[in-house]
Amino acid sequence: MQDTLQIAKCEEQSLRKLFELSKRLVISLNLDDILQATVEGVATLTGLDSAAVYLIQDEDLRLFNTTPPLPPDFPDELRFAKIKEYPYMCRAIDTSAPVLIPDVLKVTVSPAEESTCKMRNVRTILFLPLIAETEVMGALISGSTGAVHPVSDSEMDLAHTLANFAALAVKNAKLYQAGQQYVSELEYTIAERKRAEDEREKLRNQLVQSQKMDAIGQLAGGIAHDFNNMLCGIIGNAELLQSAITDEPLRNLVNEIITLGRRSADLIAQLLAFSRKGQNQIVLIDLHQIIEEVISILKRTINPNIKITT
């Protein structure tokens, strides 16, 4: 009677452990946390002192989390293996059931399995499949180091149940990661599209502004051309008038008209050059005179509150 109560109490404690471990798996979406909790949980439920989880990637096995942790100098090439090189693991996956080797020294194992057992000094080894519904996620390997450790059927059942929870948690975590990746890519695509639209709008505004400036240049060129024709008439008549006047004060006034007319004609020539309707010429200039002419134009066009100092 006492033994029965003791067994029942142990089973209750194991179920409590399974419940707590399963709850930890269900609430997490972090793959590393899930895998670490799984290897630690399997070792706890079976009493074995080591565990490792492998996930399938491109039909190969990749080692992820272990307990105890791998040494820092563990070779990276040993983290990958061909699944067909592990027959006992394949049997666990094919049958969707645990496979226990009580003592690896008393059975025939593959070279890859033998190498793994020697590397970890494993004697008893338990293979657990990680299958979510019908999708194979990977497998768990738990073992005892140095000596044989018995594993009961109830312990294997508990470990198998935890492995099933872990497989679902791994699948959910991968779906969550894929969703996050999709959202990130979508946000990047939207940002790129927005950037392209902003650039297109900027180019469109530049084109509109360029068209406006071209239209203004054409308008200025047309006005300047007509105004230049009128100035030619004014200057020509003023020169005729100057030759016919003998009164010196009147001649000075006419001369002023001619001078101002020619300056205006030079200004018109600049407008025509700006509007591409005139011919550009490379000539020596007096920079001081150009500055004075620019200032005289600015004084009539800019805000009168602005003071120009040279």
Sidechain-backbone polar pair: Ser210 side chain, Gln206 backbone, donor-acceptor under 3.5 Å = no
Is there a side-chain contact between Thr46 and Leu126 (heavy atoms, below 4.5 Å)?
-> yes
Honestly curious: do Leu158 and Leu168 fall in one hydrophobic cluster under the side-chain, below-4.5 Å linking rule?
-> no
Thr145 and Asp49 side chains, donor-acceptor separation under 3.5 Å = yes
Given side chains that start at C-beta, do those of Lys174 and Val170 come closer than 4.5 Å, heavy atoms only?
-> yes
One should read off an interatomic distance between Lys84 NZ and Leu61 CG, to the nearest 0.5 angstrom, of 12.0 Å
Side chain to side chain contact (heavy atoms under 4.5 Å, CB included) partner of Ile125, chosen from Val99, Ile101, Leu48 | Ile101
Please answer whether the main-chain N or O of Pro111 pairs with a side-chain N or O of Ser115 as donor and acceptor at a distance below 3.5 Å.
-> no
Would Ile131 end up clustered with Ile56 when hydrophobic side chains under 4.5 Å apart are linked, directly or stepwise?
-> yes
Do side-chain atoms of Ser142 reach the backbone of Ser50 as a donor and acceptor pair under 3.5 angstrom?
-> yes
For the pair Arg251 (side chain) and Ile245 (backbone), establish whether a donor and an acceptor sit closer than 3.5 Å, ignoring hydrogens and angles.
-> yes
Decide yes or no on salt bridge (charged side-chain N to carboxylate O under 4.0 Å, His left out) for Arg195 and Glu199, but give the supporting numbers first.
-> CA-CA 6 Å; Arg195 192 177 297 111; Glu199 186 65 23; over 6 Å; no
For residues Cys117 and Val104, report the shortest heavy-atom separation together with the two atoms involved.
-> SG-CG1, 3.9 Å
Would you sort out whether Glu201 and Arg204 count as a salt bridge (charged side-chain N to carboxylate O under 4.0 Å, His left out), showing the intermediate values?
-> CA-CA 5 Å; Glu201 182 65 18; Arg204 191 187 71 83; 2.9 Å; yes
Co-membership, hydrophobic cluster, residues Leu231 and Val254, 4.5 Å side-chain = no
Do Asp103 and Thr124 come close enough that some side-chain heavy atom pair is under 4.5 Å?
-> no
Which atom names give the shortest non-hydrogen contact between Phe64 and Arg79, and what distance separates them?
-> O-NH1, 4.3 Å
Could you tell me how the ring of Tyr88 sits relative to the ring of Phe127: parallel (under 30°), tilted (30 to 60°) or perpendicular (over 60°)?
-> parallel
Rounded to the nearest 0.5 Å, how far apart are CD1 of Ile308 and CD1 of Ile291?
-> 11.5 Å
Leu45 side chain reached by Glu155 side chain, heavy atoms, under 4.5 Å = no
Go through the steps for Ser110 and Glu113 under the test side-chain hydrogen bond (donor to acceptor under 3.5 Å, both in side chains), then give the verdict.
-> CA-CA 5 Å; Ser110 69; Glu113 290 170 333; 3.2 Å; yes
Val148-Val107 co-clustered via ILVMFWY side chain contacts under 4.5 Å = no
In short, Pro129 meets Ala163 closest at the heavy-atom pair O-CB, 3.7 Å
Taking C-beta and beyond as the side chain, do Leu35 and Leu55 meet within less than 4.5 Å on heavy atoms?
-> yes
Quick one: are Ile83 and Cys90 in side-chain contact, heavy atoms under 4.5 Å?
-> yes
Ignoring hydrogens and geometry, is there a side-chain-to-backbone donor-acceptor pair from Glu135 to Ala132 under 3.5 Å?
-> no
Electrostatic pair Arg193-Glu197, nearest N-O below 4.0 angstrom | no
Answer yes or no: is there an ion pair linking Lys202 with Asp198, defined by an N-O contact shorter than 4.0 Å?
-> no
Side chain of Thr38, backbone of Ile34: donor and acceptor closer than 3.5 Å?
-> yes
Identify whether Ile235 and Ile257 are in the same connected component of the hydrophobic contact network (ILVMFWY, side-chain heavy atoms under 4.5 Å).
-> no
Closest approach of Ala52 to Leu63 (non-hydrogen atoms, all atoms of both residues) | CB-CD1, 3.7 Å
Could you tell me whether the side chains of Gln181 and Gln177 share a donor-acceptor contact shorter than 3.5 Å?
-> no
Looking only at atom types and distance, does a side-chain atom of Thr67 sit under 3.5 Å from a main-chain N or O of Ala51, one as donor and one as acceptor?
-> no
Drop me the distance from Lys307's NZ to Asn305's CG, to the nearest 0.5 angstrom.
-> 13.0 Å
Residue pair Met137 / Lys171, side-chain heavy-atom distance below 4.5 Å | yes
